[in-house]
Amino acid sequence: MPFTALNSHSLIGRQALIGALLAAGHFVLPLATPAWGLDGAPGLGTSQSDFGGVGLMQTPTARMAPAGELSFSLSRTEPFQRYNLSLQPLDWFEFTLRYVEIEDRLYGQAIAGDRDYLDKGMDAKFRLKQESRYWPEIAVGLRDAGGTSLFGGEYLVASKRWHDIDVSLGLGWGYLGGRGDIDSPLGWLDERFDDRPGRAGGDQGGEFALNQLFRGPAAVFAGVEYQTPWEPLTLQLEYEGNDYENEPAGSPVTSDSPFNVGARYRLTDSLTLGLGWQRGNTAMASIGFATNLAELRQVKRDAPPVELNEPGTPPEGDWLAAHRQLRNNAGLRALRIVDQDDELVIEGEATRFRSLAKTAGRANRILHNHADADVEAFRYRWYSQGLYLRDDVHPREAFVDAAASSEQESLYRHSLYSQAATGPARGGRTLVETDPERWAYRFSPGLNQNLGGPDGYLYQVQLRASGEYFTDANGWFSGELGWTVLDNLDDYDYIADSDLPRVRTYIGDYLDEGELGLTKLQYTRTARLDDNWFAMGYGGLLEMMYAGAGGELLYRPFNSPVAVGLDLNYVKQRAFDQRFDLRDYETWTGHLSTYVQTGIEDVLAQVSVGRYLAGDYGGTLDLSREFDSGAIVGAWATFTDAGDDYGEGSFDKGIYVSLPLDAFFTTSTRGHMGIGFSPLTRDGGARLDRRHRLYDITQDRQLHRLWEESDQAWR
């Protein structure tokens, strides 16, 4: 049973923690700019198909959305309702997660009473060639590849544009090739491709049916989309390869014609309505919403940067006032400012702007106005949670020249340099030194929800309070309290068929009984062991379901694309009321993790191997991409030796989106909120939901976009 999660502390939030941060400033929706297309026709070749992903209605096309596109769509063609979420993390790769409600088929009285059957599936499409003057766009794809495969199929498709017409021609296997127009076109490679094997034992939800891919008879499908002179309206005609003789419905589905006709009307740049007539006898209706995460932005009303003093103006020299300006205008919380020979060393952390270059640029102005003439550079020694991470050095004269003339910006960029920071400044004259802040707290609404299990839609509306108390720079207590305002969790009664210990499938009991629950209460401490080694220890109520203690060790060389971490935890299951009582189940869990910045379109690959909460052993692959906007999209899959004991399928998987709160408010903030989608909550492959991770804490060890963002330094 999946619980979608929105969480400001972790990207995935695997167990349904949703929280919207309250931040200073006015809340305004981010500007969404999904309108795109070829030759200025924004509606052509952009539609989401009935199954999600760019396509016509029942058939896909070779078209791709722009990188960063996030689309939600809902379509209904009796007896199927489809709920689709599509992501375009890369220019050449599209991913779709889908739920299909089959209106005339039930889960079964023993499982979910009279509720309609809800099927889960995942799709993937890969562009092989981009359209050129003489060549069409070509793509290959998999439909329902990781679910029950009730709608499973594969395809190869090409699309070509002529003025206001976009034409597609493809070859489909499986569900897309049910008509079986031609024998297997791959049979000449191996006779095994001539037949498409069935799934042994019937539905095997969650497994990859690798033995079915591109096997068996195939069928041709085709389509055309026309951009009408009225820009919001596009018309569609398609010929599909499915004959509807093997539909996973409760009663037979008939098809009077292989041709489908439809229309798409864009109400706004983000919202699209669709109508169609399919199978020659059935109406279709759809609605879709799209936004581009790579282009999330919001007009800011931050205070303008401090004006630079005119040449020859005596330095102000009031360092307490400078310290306040750094905090209020530059968003820099400085622990110390040290005059060290010809440099000013500022030991601090960024608190407002996502870009360190922007934080430093605003701070440069303040420091320049206060510093004596013999100071030649400003050295920012960035730290996080007591760990010193790196030094960024900004030459003073180059910055002042660039702020005065755009012609000097290039020289300023080339004058910047960065290096590893190993600790606080030694020697010199301390101008300002302050104690770390002790308290931090916030209140937020929360929503836990589930869509995709036999129990139907489950929800829980909460009010949450969370806070931190710092004992010193390296140690702090953190806690979170949640109070349930409204829920329908009494409907939860589904238990997956599994012989594993119930480490996660008690989720409904925790959410139902924890009307006023202490979600987290732990003490955390960090340390730097050597130039490239970091450590963290923690103990207490670590998450909603588990209490215990653990530690993490991270090896992360400065600005290296590779880091390696190890965590080990002893935990015990908490009581359902989320207070201080514990249940009998206890276990050891931990993982060896490797993090690789691949250099392929900002993709981060994380591979973790180890022991999971249910005692199963295996590994998790997590791939994510961060866009210039700060938005992150990712997907993960976990494979363990639990096998059939997962309860459904043989592995776990999910996708997630992390959105910068900076895109939603008119004042800048470094906060993020994460939304996670997982098809089911299983006991196999379950990981401890640790609140703090060293890789995230030390993210500024990576220079990332220091030079690309340096143009923000004088804005």
Side-chain angles (χ1 to χ4, degrees), residues 305-306 308-309 311-351 356-403 412 415-438 470 472-474 526-534 558-559 698 700-701 703 706 710 713:
V306 171
L308 288 171
N309 286 346
T313 303
E316 297 175 23
D318 185 347
W319 290 105
L320 286 177
H323 183 272
R324 289 191 296 270
Q325 281 186 303
L326 290 174
R327 177 67 180 272
N328 298 330
N329 187 273
L332 194 161
R333 182 188 295 126
L335 279 182
R336 288 206 306 162
I337 302 176
V338 180
D339 187 347
Q340 199 170 61
D341 298 327
D342 58 353
E343 287 186 339
L344 280 184
V345 181
I346 302 91
E347 298 173 4
E349 60 181 333
T351 61
L356 288 183
K358 187 167 187 174
T359 300
R362 284 179 165 240
N364 285 346
R365 295 171 173 268
I366 298 167
L367 298 174
H368 170 75
N369 291 346
H370 286 266
D372 292 335
D374 59 352
V375 173
E376 298 178 359
F378 307 127
R379 178 181 293 267
Y380 297 94
R381 184 154 295 168
W382 303 111
Y383 76 91
S384 177
Q385 307 297 90
L387 301 177
Y388 286 87
L389 303 176
R390 83 180 198 219
D391 284 4
D392 289 343
V393 181
H394 293 244
R396 182 181 187 178
E397 183 177 355
F399 171 79
V400 173
D401 290 344
Y412 168 66
S415 71
L416 295 174
Y417 69 94
S418 187
Q419 63 189 59
T422 57
R426 301 185 183 278
R429 180 169 59 97
T430 300
L431 302 176
V432 177
E433 184 169 10
T434 62
D435 294 329
E437 289 194 352
R438 297 293 185 184
F470 287 83
D472 55 57
N474 293 84
T526 62
R528 181 165 184 157
L529 306 181
D530 202 349
D531 288 352
N532 300 316
W533 288 91
F534 304 88
F558 176 69
N559 202 33
T698 61
D700 288 333
R701 291 282 283 179
L703 293 184
L706 173 64
S710 60

Salt-bridge present (Glu376, Arg396; N to O < 4.0 Å): no

So, do Asn309 and Glu316 sit near enough that their side-chain heavy atoms are less than 4.5 Å apart? yes

Scanning both residues in full, the closest heavy-atom pair of Pro315 with Ala371 reads CB-O, 3.3 Å

Would you say Glu433 and Leu335 make side-chain contact, with heavy atoms under 4.5 Å? no

Report yes if some heavy atom in the side chain of Leu344 is under 4.5 Å from a heavy atom in the side chain of Gln340; otherwise report no. no

Distance-minimising heavy-atom pair for Arg336 and Ala425: NH2-O, 2.6 Å

Quick check: do Ile346 and Arg379 have side-chain heavy atoms less than 4.5 Å from each other? no

Note, Thr698 side chain near Leu387 side chain (heavy atom, < 4.5 Å): yes

Counting N and O atoms only, with roles assigned by atom type, does the side chain of Thr359 sit under 3.5 Å from a partner on the main chain of Ala350, one being a donor and the other an acceptor? no

For Ala402 versus Tyr412, what's the shortest heavy-atom pair and its separation? CB-CB, 3.7 Å

Of Thr430, Leu431, Val432, which is the lone residue that meets side chain to side chain contact (heavy atoms under 4.5 Å, CB included) with Val338? Thr430

For a 4.5 angstrom cut-off between non-hydrogen side-chain atoms, does His370 reach Gln325? yes

About how many Å separate CD1 of Ile366 and CG of Asn328, when rounded to the nearest 0.5 Å? 8.5 Å

Find the distance between OH (Tyr383) and OG1 (Thr526) and round it off to the nearest 0.5 Å. 11.0 Å

N/O donor-acceptor pair under 3.5 Å between Arg381 side chain and Gly423 backbone: yes

Identify the heavy atoms of Phe534 and Tyr388 that sit nearest to each other, and give their distance. CE2-O, 4.1 Å

Taking all non-hydrogen atoms of both residues into account, name the closest pair between Leu332 and Ala363 and its distance. CD1-CB, 4.2 Å

With no hydrogens and no angle check, is any side-chain donor or acceptor of Asp318 less than 3.5 Å from a backbone partner on Ala321? yes

Is any side-chain N of the basic residue among Glu437 and Arg327 closer than 4.0 Å to the acidic one's carboxylate O? yes

Would you call Arg390 and Asp392 a salt bridge, taking side-chain N to carboxylate O under 4.0 Å as the test? yes

Quick check for you: to the nearest 0.5 Å, what is the distance between Asp374 atom CG and Glu343 atom CD? 12.0 Å

Keeping the roles fixed (side chain from Ser384, backbone from Asp700), state whether a donor-acceptor pair exists under 3.5 Å. no

Does atom CD (Glu397) have a neighbourhood of more than 12 heavy atoms from anything else shown, all under 6.0 Å? no

Do Asn532 and Arg701 have side chains that get closer than 4.5 Å, going by heavy atoms? yes

Excluding sequence neighbours, so at least two apart, what forms ring pair (Phe, Tyr, Trp, His ring centres under 6.0 Å) with Tyr380? Trp382, His394

Under the ring pair (Phe, Tyr, Trp, His ring centres under 6.0 Å) rule, collect the residues that match up with Phe558, sequence neighbours excluded. none

Quick one: CG on Asp391 to CD on Gln419, what's the gap to the nearest 0.5 Å? 5.5 Å

Please check: side-chain N/O of Asp472 versus main-chain N/O of Asn474, any donor-acceptor pairing under 3.5 Å? yes

Rounded distance (nearest 0.5 Å) linking atom OG1 of Thr434 with atom CZ of Arg333: 9.0 Å

Test item: Leu367 and Trp319 side chains (from C-beta on) under 4.5 Å apart, heavy atoms: yes

Backbone N/O of Asp531 and side chain of Arg528: donor-acceptor pair under 3.5 Å: yes

Once you round to the nearest 0.5 Å, how far does CG of Leu326 lie from CD1 of Ile337? 5.0 Å

